[in-house]
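Worksheet: the structure to be examined is printed underneath.
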Amino acid sequence: MQYKYKHPPMSSDVIIGMIDTGIWPESPSFNDDGIGEIPSRWKGVGMEGYDFKKSNCNRKLIGARYYGSIQRTYSYNKTYMAKPDDSPRDFDGHGTHTTSIAAGAKVANVSYHNLAGGTARGGSPSSRIAIYKACTLDGCSGSTILKAIDDAIKDGVDIISISIGMSSLFQSDYLNDPIAIGSFHAQQMDIMVVCSGGNDGPDLYSIVNSAPWIFTVAASNIDRDFQSSVLLGNGKTFQGSAISFSNLNRSRYYPLAFGEDVAAKFTPISESRNCYPGSLDTKKVAGKIVVCTDNDLNIPLQIKKLVVEDARAKGLILVSEDEKIVPFDSGTVPFAEVGNLSGLQIIKYINDTKNPTATILPARDVPRYRPAPTVAYFSSRGPGQYTENILKPDIMAPGVTILAAMIPEKEAGSVPVGNKPSGYAIKSGTSMACPHVTGAAAFIKSFHHRWSTSMIKSALMTTATIYDNTGKPLQNSSHHFANPHEVGVGEINPHKALNPGLVFETMTEDYLQFLCYYGYPEKNIRSMSKTNFNCPRINIDRLISNINYPSISISNLDRHKPAQTIKRTVTNVGCPNATYISRVHAPVGLEVKVFPNKLAFIEGLTRVSFKVLFDGKEASNGYNFGSVTWFDGRHSVRLSFAVNVE
């Protein structure tokens with residue numbers, strides 16, 4: 001079947017539940033033009049708050065709940081002081097931004113103060129949205145998130161999107177993690193839960209929200225960048241990454257200084273180079289453009305900006321090789337972020353010149369940026385901390401410099417002089433990548449109403465892109481080829497996922513077996529799942545690799561022991577009469593065999609199993625990555641694998 005990629009008539013029946021910081025309902029991204037009546041199956045509500053009325057909901061925004069404190073605060077004269085927690089309205093902007101990415105309506109002629117201009121639209125612009133404001137000024141409590149997931153299930157959402165996750169340093173195991181527990185209950189009701197994988201990269205084992213029943217998302221850049229030009233007094237020009245509304249121009253240059261040359265008394269050079277708080281001498285800095293390095297990641301870029309701004313500097317040039325692929329929004333402060341090579345040349349110019357000068361021009365769009373997509377340096381990496389026998393993250397999606405709706409108040413200080421708030425902002429994070437996958441899943445569900453959650457997940461995973469726009473394999477922020485612990489199975493390709501050919505169906509029983517293999521007592525599993533499930537007789541961690549997941553991970557393939565065999569079952573969702581041939585892509589030394597190497601489907605036979613044998617006798621130590629691809633002349637169904645040989 002050939003698809004014309006327009007949303008079918010029933011697409012507006014897909015309901016997305018967003019668990020986040022709330023919503024700004026007046027944003028044009030949430031208008032309901034062209035959307036029909038609310039589905040009769042919807043059981044949700046529009047809770048009123050001190051600044052939110054039921055009338056703020058519409059046929060697009062069909063539900064809004066909040067979980068603020070019941071306690072009220074009063075001023076000295078006992079007049080009621082409303083709290084931002086007491087309303088579904090977004091106080092932060094995060095929820096508004098992520099919601100518009102997932103399902104924002106088409107809005108023409110938007111930009112972030114003339115950057116990234118064009119038409120804004122979500123991944124599934126005709127889907128309905130329901131808001132669950134689980135995060136307040138005090139943060140996002142686990143019990144509130146669990147309650148929000150439970151409400152979303154009862155209200156009747158089809159997909160839940162959660163751009164929230166605890167630090168990778170403080171992860172809880174699966175039966176003590178509120179997001180994992182709530183997501184399991186959603187999966188039991190065949191509701192997909194999509195989660196951000198975290199922003200603790202590029203460290204290994206930093207991925208969060210890694211339960212197998214969660215769709216875990218990594219972040220990539222897109223083929224658009226934002227750059228500011230740094231002009232030196234010697235005539236040289238350098239391009240730096242930035243979202244900056246600089247008021248400087250070519251007509252006037254300013255004194256240029258390296259941080260260590262304008263240090264406060266008794267300040268270590270390492271601190272002044274990195275522009276530590278209190279490390280710069282205000283008298284020496286005032287009126288100059290300051291160059292800082294980024295050797296110490298304990299000092300965030302936002303702090304460095306405030307340090308030079310408080311010292312009355314004219315601007316900031318940051319030298320950072322990794323972070324330069326993620327443009328920083330410096331607002332009206334002139335700013336540019338350059339790589340190490342450019343940074344060395346700028347510092348050499350300072351050292352070799354008696355009166356070095358420079359200026360920084362406002363940021364501009366750089367379209368058709370290459371290479372893209374690449375893994376964002378901040379995107380958390382696998383393997384998972386609690387088991388390496390499930391490949392995480394699952395998939396990668398755009399999460400760098402994403403233009404989406406924003407609350408007006410959040411733009412204060414970033415608005416160029418003479419401009420009004422734009423209502424849109426550019427943000428980066430796996431929080432932005434997650435709703436891209438949410439929207440893609442809703443898009444697929446709008447065409448395939450009867451597909452289960454795991455079928456949609458599999459379709460997106462087995463059709464993901466593994467090449468960038470230069471035709472080369474995906475890269476990471478260090479310009480090396482990326483591996484599945486960074487990108488999962490690759491970058492989402494929603495249109496291709498509409499017709500995947502074969503899918504891997506992961507059932508609730510698979511997930512219950514996973515919990516048994518992980519080592520949880522049967523009584524605990526029964527209590528959490530509210531079932532009378534019996535664990536298999538043999539429960540060992542390595543059996544986790546055998547659950548019917550759309551990727552393969554083996555945590556320990558012992559080269560001195562017999563080969564390990566993994567079983568998978570596929571369901572044919574394409575032509576009823578089809579024959580698929582397997583192709584193996586494996587690193588040198590790792591022996592991978594597929595039995596059978598041909599799968600034949602006929603009318604009435606839609607499910608077939610196969611086995612993959614892994615032998616590491618001649619393989620390199622450590623993780624070996626590759627794939628098994630089933631091909632029928634039209635569909636390529638790629639099963640990625642990560643095998644740790646010891």
Side-chain angles (χ1 to χ4, degrees), residues 98 101-102 123 161-163 165 168 192 194-204 206-210 214-224 322 325-326 369-384 390-402 427-441 443-444 456-470 472-497 500 549-551 553 623 625 627 638-642:
T98 57
I101 293 170
S161 188
I162 307 177
S163 288
S168 59
M192 177 180 284
V194 187
C195 289
S196 54
N199 300 325
D200 290 335
D203 294 340
L204 297 176
S206 56
I207 194 76
V208 298
N209 295 325
S210 60
I214 291 174
F215 206 171
T216 312
V217 186
S220 65
N221 74 335
I222 59 176
D223 60 350
R224 177 187 63 207
D322 289 335
I325 70 166
V326 182
Y369 181 79
R370 305 172 83 180
T374 61
V375 188
Y377 79 91
F378 60 76
S379 186
S380 291
R381 268 61 164 177
I390 295 291
L391 180 58
K392 289 288 177 170
D394 288 308
I395 205 163
M396 187 168 73
V400 175
T401 62
I402 306 302
K427 300 291 181 184
S428 299
T430 55
S431 285
M432 285 70 246
C434 169
H436 275 90
V437 175
T438 302
F443 172 66
I444 294 169
I456 295 172
K457 180 176 180 178
S458 173
L460 282 164
M461 289 178 65
T462 61
T463 60
T465 299
I466 57 173
Y467 298 101
D468 62 27
N469 56 2
T470 70
K472 295 179 180 178
L474 296 171
Q475 297 181 29
N476 58 28
S477 54
S478 299
H479 310 297
H480 298 127
F481 290 146
N483 66 58
H485 288 150
E486 298 171 308
V487 304
V489 297
E491 179 88 353
I492 58 167
N493 187 341
H495 285 176
K496 193 174 180 183
Y549 208 71
S551 61
S553 186
Y623 268 100
F625 304 103
S627 62
R638 192 178 66 259
L639 180 67
S640 299
F641 62 74

Any idea how F625 and H485 line up, ring-wise: parallel (<30°), tilted (30 to 60°), or perpendicular (>60°)?
perpendicular
When you compare the side chain of F378 with that of V326, does any pair of heavy atoms fall below 4.5 Å?
yes
Going by heavy atoms in the side chains, are M432 and T98 under 4.5 Å from each other?
yes
Is the backbone of T401 close enough, under 3.5 Å, to the side chain of S428 for a donor and an acceptor to pair up by distance?
yes
Testing the basics here: between P473 and Y467, what is the closest heavy-atom pair and its distance to 0.1 Å?
N-CD2, 3.6 Å
Verdict with reasoning, L391 to Y549, per side chain to side chain contact (heavy atoms under 4.5 Å, CB included):
CA-CA 9 Å; L391 180 58; Y549 208 71; 5.7 Å; no
Heavy-atom donor-acceptor pair, N469 side chain to A372 backbone, under 3.5 Å:
yes
Flag, side chain of S206 to backbone of D203, donor-acceptor distance under 3.5 Å:
yes
N221 versus P371, closest heavy-atom pair with distance:
ND2-O, 3.5 Å
Quick one: CD on E491 to CD1 on I222, what's the gap to the nearest 0.5 Å?
10.0 Å
Just verifying a value: how many Å separate Q475 CD and S220 OG, rounded to the nearest 0.5 Å?
13.0 Å
Flag the pair S458 / P500 as yes when at least one side-chain heavy-atom distance between them is below 4.5 Å, and no otherwise.
no
Side chain of D394, backbone of T216: donor and acceptor closer than 3.5 Å?
yes
From D223 CG over to T374 OG1, what is the distance, rounded to the nearest 0.5 angstrom?
11.0 Å
Has N199 got a side-chain atom pairing as donor or acceptor with T430's backbone, closer than 3.5 angstrom?
yes
How far apart are the closest heavy atoms of S161 and T438, and which atoms are they?
OG-OG1, 2.8 Å
Any side-chain heavy-atom pair of I207 and S380 under 4.5 Å:
yes
Contact between R381 and V375 at the side-chain level, heavy atoms closer than 4.5 Å - yes or no?
yes
Minimum-distance pair of heavy atoms, taken over all atoms of G399 and A219:
CA-CB, 4.0 Å
Rounded at 0.5 Å granularity, tell me how far SG in C434 sits from CD1 in I395.
12.0 Å
Do you know the tightest heavy-atom contact between F641 and S627?
CE2-N, 3.1 Å
From L474 CG over to E486 CD, what is the distance, rounded to the nearest 0.5 angstrom?
10.0 Å
Looking at CZ of F481 and CD1 of I466, how far apart are the two atoms once the value is rounded to the nearest 0.5 Å?
11.5 Å
For F215 and V437: C-alpha separation, side-chain torsions, deciding distance, then whether side chain to side chain contact (heavy atoms under 4.5 Å, CB included) applies.
CA-CA 9 Å; F215 206 171; V437 175; 3.7 Å; yes
Heavy-atom pair with the smallest gap, counting every atom of G382 and L204:
O-CD2, 3.5 Å
Looking at N209 and S196, would you say the former's side chain and the latter's main chain have a donor-acceptor pair under 3.5 Å?
yes
